[in-house]
Trainee: 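I am attaching a structure below and will ask some questions about it afterwards.
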Amino acid sequence: MINRKFLPLYVTCSLFLALFLAGSVQFDNFFTLRVFVNLFTDNAFLIIAAVGMTFVILSGGIDLSVGSVIALTGVVVSVLLENYQWHPLAAFAVVLVGGTVFGAAMGAIIHFYKLQPFIVTLAGMFFARGLSTIISEESVPITHEFYDDVSMFGFELPGNAWLDASTIISIVVLVAAIIIANYTRFGGRVYALGGDAQSAGLMGVPIARTTISVYAFNSCLAALAGIVFSFYTFSGYSLAAVGVELDAIAAVVIGGTLLTGGYGYVVGTLFGVLIMGVVQTYISFDGTLSSWWTKIVIGVLLFCFIALQRILVAPGAKTR
Amino acid sequence: MTDQNPLLALRGVGKVFPGVIALQGVDFTLRAGEIHALLGENGAGKSTLIKVMTGVYQKDSGSIAFKGENIHPTCTGDAQALGISTVYQEVNLLPNLSVAHNVYLGREPRKFGLINWKKINRDAAELLKGYNLNIDVTKPLSHYSVAVQQLIAIARGVDMSSGVLILDEPTASLDAGEVQALFKVMREIAAKGIGIVFVTHFLDQVYAVCDRITILRNGTLVGEWLAKDLSQHDLVSNMLGKEIAHSSKTTPVQQDENEQGEALLALQQAAAKGSVEPLSVSVKAGQVLGLAGLLGSGRTELCKLVFGVDALNEGDILLNGKPVKFKHTREAVLAGMGLCPEDRKHDGIFGPMSIRENMIIALQNKRGWWKYIPLKKQKELAEHYVKALKIATSDIEKPIEQLSGGNQQKVILARWLASEPVLLLLDEPTRGIDVGAHAEIIALIRQLCEQGLGLVVASSELEELVAFSDKVLVLRDRKKVAEISGSQINQQNIMQAIAGS
Amino acid sequence: MQSLSISPHLRRFIWPVLGLIFLLAVNLIIAPEFFQLEIKDGRIYGSLIDVLNRAAPVALLAIGMTLVIATGGVDLSVGSVMAIAGAVSASLIVAGVDSMVLVVGAGLTAGVLAGLVNGFLVGYFGIQPIVATLILMVAGRGIAQLINAGQIVTFSHEGFAYLGVGYFLGLPFPVVLVVVAFLLFQLLMRRTALGLFVESVGANSGASYYIGINDKMIKLMVYAVSGLCAALAGMIAAADIGGSDANNAGLWLELDAILAVVIGGASLMGGRFSIALSIIGALIIQTLTITIILSGVPPKFNLMIKAAVIIAILLLQSPQLHRQLSRFSLSLSRSSAARG
Amino acid sequence: LTVGFSQVGSESGWRTTFSESVKAEAERRGIDLKFSDAQQKQENQIKAIRSFIAQGVDAIVVAPVVETGWKPVFMEAKRARIPIVIVDRNVDLKNDSLYVTRIAPDFTEEGKKAANWLMNATAGKCNIVELQGTVGSSAAIGRMEGFNSVIANYPEAKIVRSQTAEFTRAKGKEVMESILKAEGGGESICALWSHNDEMALGAIQAIKEAGLKPGKDIHVVSVDAVDDIFKALAAGEVSATVEMSPHMGGPAFDVIEEYLKTKKKFDKWIVMDGKVFTTENYQQEYKARFVNQ
Ligand SMILES: Nc1ncnc2c1ncn2[C@@H]1O[C@H](COP(=O)(O)OP(=O)(O)OP(=O)(O)O)[C@@H](O)[C@H]1O
Ligand SMILES: Nc1ncnc2c1ncn2[C@@H]1O[C@H](COP(=O)(O)OP(=O)(O)OP(=O)(O)O)[C@@H](O)[C@H]1O
Ligand SMILES: [Mg+2]
Ligand SMILES: [Mg+2]
């Protein structure tokens, strides 16, 4: 017998497979390893960002600054590399630490001043994007050989597919996150916080530490996503990754995590990202939709998924 | 057991909330190996004192010493690290985590640095068996009833205690058997030298397990006694601050069921899938039907069935002789029913809303959104019930979440009394209510019946059931096992029916 | 403890209002002409009026958003609904419909329909508000563009333009609309029990259920109201520029609306709400925007300034900060007393 | 022939006209066009190009969102031997063998043209208000640079206020409204320089509402030459606009068809030159756009 607890997960997973198969029946060249691996390559940064977002949402919070942190990371890295001739690894260390500190600061404000995450991170979003425009309004191309070397790195897979460094990083992050969420005390605390922060506090969960860590962890992953994104675009640009936070939130929620916190799984998030990715691939394979029909179709598909998920999961699961 | 070497010593502790002085100059001493009752009326400051001891609130004045050293806990984690473990008044566990995880949260056994789920599940199941709970510990906590949750919380608290164990009204919805099992555990660990603080409103329980008694009134210390030196009568008068004329127990006139008059509510082989087996029973206007049974026997579920929370799958429910089938609680409310649920934290209070709003909302909903109750009328109603139920508050506009547990319960009770119902279902209505108010509430229930209200009351407290029921329905395993009425109603008979002998 | 003389209800107004006054004071320094008001052909004219006028769309959105947030939800689709309503009205006008009732009615109907879809998904289908409304946020803009065939549809229609640029009793008409909407919903919420029910659904949906409150209906209603307000805001925006710009009308305004509600002190978890405070929130945001324009700071600093001001205003409201500050000033006065 | 076309998005009427014209051109030539809207996001554009490659199209046309960041995905296309033609905005690539050619206007040149016209009209004496496009966009940066480089030669011309209005009409109106108040009602302003027509159209309304006559009291110069601006030109409310033709589909397909046949090398930049339309010379174009339809 399947475990009811994981039902939403199974449903999400099979919906993904169903759409992938639908695409395969409709279009030539869709049912290839290449298209499948592209889903990972193209969305590696989103997977990383969404994994971090999963933790925040599980803890009952939300983080709107993710997209801006990705942009800021890219700008800082590219400026350090191009204008100051830093080595990329040193630049990465700076942005990862910087991202973590930024997240910790937001977490601290949220916790100590009892402000709502939505708004604090919204301010964080303005701040990070504002800072990146101040650092450089123009897009800065990255020309360091290290970037070329890394982008050459990868494994040839059958069917012209290519497993590149970003994909590998995103999978490593995913696996690590699953372990952290379900097999460490920190993970337990995150779920506890999302279940009922007051009770969690009374049960001895260190609320301050957990809140701050969750946001720090998320921003650190956002910075990592920013690094991966900079490999994706070979540049840093203050207007990059606008709205990625909404994509990440959508992926998390489609993956079956409750926005109110406390319920959900990191693996679900992966499927959330893949579902959104396959919808996009589907639309570009189709290639006949005008700009507005593209939006409408994305909306309708999103609706179908969520509706199906509800209908398939609903029996037995109480709404409240 | 010397006073020179107390385990926990609070001196001159004070705590102020905006507008309320919750504690003022309170001394409290807990010695190793003793069971120490902390008593007082609703709102006397018991829970606040406990929260100050364990770092949930920061004291405004005074000192706390643990094993002779001053401590300044700033969160419960600090207290736990010292070996002070607490079961707070409301069930404070996490509904989304599995039962086992709740028991071991924060101290999960690990293997190679990773949580060892197998061990957690095994140990938790083992631990709960000690409290007669054979449940699936991998299910989420929210799956189980409040009483079960309360036992889980106790099991967790006891298991974690290494110096002090604090229990704030742990027995509020437990049945007699469970209470006995708990007392056994308490005596065992006290014998190991752990000090236990025990808050309850059941005075017989105080005398059953406690060595010592501390009484609070209006946030101040009344005194400390050895249990054997304080008579029940003195205890009550110390708590209330006045002599009470005579025992608050009202023995109602229990009429034997007369067969005339139509039943207000009648169940005919009514059943809900998975929660209540087909059963028949009826209540007339002016009657009180008591529901008795052990933990998980189906009392709550019967109430839910009648109120339309759970769907009726079989049989009929007749209200005033007409079959009804509610699809939403709304229809039940409009038909003149009310259900005061047992889980006040999740299904009862509207935390940020005022006491006044919490009280009038059921009446308002019944009237419909258009017929707004004038503010003046609302205030009158609220003031009336604050007085009638002795709700300790300075202001009816205060958010209800700032009241003490017992007072919250009174507000919710008032909500339903104010809603002008014809049939009220009360699930554990006196949970956490102090002795003084307890009597008032029982008197109020009787008075309402005289005015023609039908009542169904589920309670774990047999004494209370005996005090006001005209008829008692005994449930076991979600089946009706007996119906006792009139002069047959006494604790003995009910106990026998429950036990099935 | 002695400061309890003002009622808690009024106390909530202090900090947001102080924030607004502070921002206005900043303007006094950077642009003294900010407070000049003149009457030109029966119209009041000046930057202060601009603030009110420009804040109108967000204020309208905030009215609806306040109710949605009070039930513990959120409506991300308002920006797109603005675009839809503008597009519907504009295309009707362009198609030769002249009747104001038809044009405005159709726009409002579109908004209410969109709101009902959201409300249905949230209330009856049990989808999480953020996702349910995300669907319409994405698809809605597509629908608006579909109506306009991707172009900016320009029109000229005296009556409709009045919505955006007209004056009534010397005040810009959008401001009048906000006042009317505010009074209407304030009455509806506080003179009937609706407000109480909205708060109860947000404060504890479990308890509302036991009381028999029709929470689904309440949710349906608040989203419909939000759609209605958004539609009105969308028509104002279209009337203002004499064209329906489906791509940009209301873009990101959902964030401003949510921000306005939160600056007004409401909790996103639901419960207590105050429409008046949300409108003050909207005014704060608009004052900030105009301050930035007037200050002449290079545009690349806009976002940073916005972030700093938001955090400052939020901290200003935080009781925790007040406590820290009072503790700090206490220790200061103590140490100075010790020295003196 | 299958061609993949990755478009920026549909953020303006100009952009939509551009998309529609490419589609119409493809249909006329019997090309199977795979259209993909990136919704202003580079990541979407890269994804789209990847999936074009996976589909095995014959050629790819890209209207890039930003200049940078195209190397990896263009390399992938090159490995798959799919030629790429860039339209509209520039790309920043050292290795220009990665694409066949680029068909685009010159933003800096547009800014210069606007400035030259204005300096001629005002004899180099002018207090200018600038409405910038979206901060950081290449169009805004290029136009600003070109414009400033010209007025630097005129000591009596200066930009008194500059603020972004994000390329939209509504923002254009809002920002202009405030600027007029800050500049004492606008009497001292001689010209408005707007990075696109939409903002100018919004600003015109603000100028009118402030009781001034756009085009007369305040010169209005902008870029794009969209349909609505011609109506304003006809009404004398706009002084000049620099054309930026959205019809880049035809030339792009010409290049592709020829390249696939002959593999010949093209110039790396085929500049789409734009006219300056003013209140004097707009009539012919006005007729072409409105009378024929
Ligand atoms: N968070 C709070 N904010 C404001 N006042 C509070 C708060 N918590 C408790 N109080 C007030 O402090 C007083 C003491 O409450 P406390 O909960 O300690 O009572 P109690 O003795 O535990 O009562 P009960 O038997 O009803 O549980 C009450 O008057 C209550 O209203
Ligand atoms: N000791 C137990 N062992 C297993 N399951 C239990 C136990 N106690 C309660 N349950 C479960 O909890 C649910 C609660 O039943 P219900 O709430 O109707 O009981 P009750 O008579 O009101 O008792 P109480 O509220 O005191 O738990 C039942 O579905 C039952 O499966
Ligand atoms: Mg208490
Ligand atoms: Mg029960």
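The figures that follow rest on heavy atoms only: side chains count, while hydrogens, waters and symmetry mates do not. Order of the sequence lines sets the chain letters (A, B, ...), proteins ahead of strands, with each chain counted from 1.
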Trainee: Let me know if Pro352(B) has heavy atoms under 4.5 Å from chain C in its side chain, its backbone, both or neither.
Mentor: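 Looking at Pro352(B), backbone and side chain both touch chain C.
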Trainee: Just checking Phe120(C) against Tyr223(C), ring centres under 6.0 Å apart?
Mentor: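 Phe120(C) vs Tyr223(C): aromatic centres not under 6.0 Å.
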Trainee: Should Ile355(B) and Glu397(B) be marked as a side-chain contact (heavy atoms from CB on, under 4.5 Å) after you check the CA-CA gap, both sets of side-chain angles, and the distance that decides it?
Mentor: CA-CA 6 Å; Ile355(B) 296 170; Glu397(B) 297 301 323; over 6 Å; no
Trainee: Let me know if Lys398(B) has heavy atoms under 4.5 Å from chain C in its side chain, its backbone, both or neither.
Mentor: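 For Lys398(B), neither part sits under 4.5 Å from chain C.
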Trainee: Considering only heavy atoms, which portion of His328(B) lies under 4.5 Å from any heavy atom of chain C: side chain, backbone, both, or neither?
Mentor: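 Contact with chain C: side chain only.
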Trainee: Is there a side-chain contact between Glu383(B) and Ile396(B) (heavy atoms, below 4.5 Å)?
Mentor: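 The answer is yes; the side chains approach within 4.5 Å.
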Trainee: When you measure from the side chain of Gln364(B) to the backbone N and O of Ile373(B), does any donor-acceptor pair fall under 3.5 Å?
Mentor: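 Between the backbone of Ile373(B) and the side chain of Gln364(B) there is a qualifying donor-acceptor contact (under 3.5 Å).
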Trainee: In the structure I gave you, are the side-chain heavy atoms of Tyr88(B) and Thr76(B) within less than 4.5 Å of one another anywhere?
Mentor: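 Sidechains of Thr76(B) and Tyr88(B): in contact.
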Trainee: Pick whichever of Ser200(C), Gly202(C), Ser267(C), Ala203(C) has the most heavy-atom pairs under 4.5 Å with chain B.
Mentor: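 Between Ser200(C), Gly202(C), Ser267(C), Ala203(C), the count favours Ser200(C).
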Trainee: Using heavy-atom distances under 4.5 Å, tell me whether Arg367(B) contacts chain C through its side chain, its backbone, both, or neither.
Mentor: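 The answer is neither part of Arg367(B).
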Trainee: Chain B: which of Ser208(C), Gly271(C), Gly195(C) shares the most heavy-atom pairs with it under 4.5 Å?
Mentor: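 Greatest number of close heavy-atom pairs with chain B: Ser208(C).
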Trainee: For the side chain of Lys15(B) and the backbone of Thr48(B), is there at least one donor-acceptor N/O pair under 3.5 Å apart?
Mentor: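 A pair under 3.5 Å: no.
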Trainee: Does any backbone or side-chain atom of Ile360(B) lie under 4.5 Å from a heavy atom of chain C? Answer side chain, backbone, both or neither.
Mentor: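 Side chain only.
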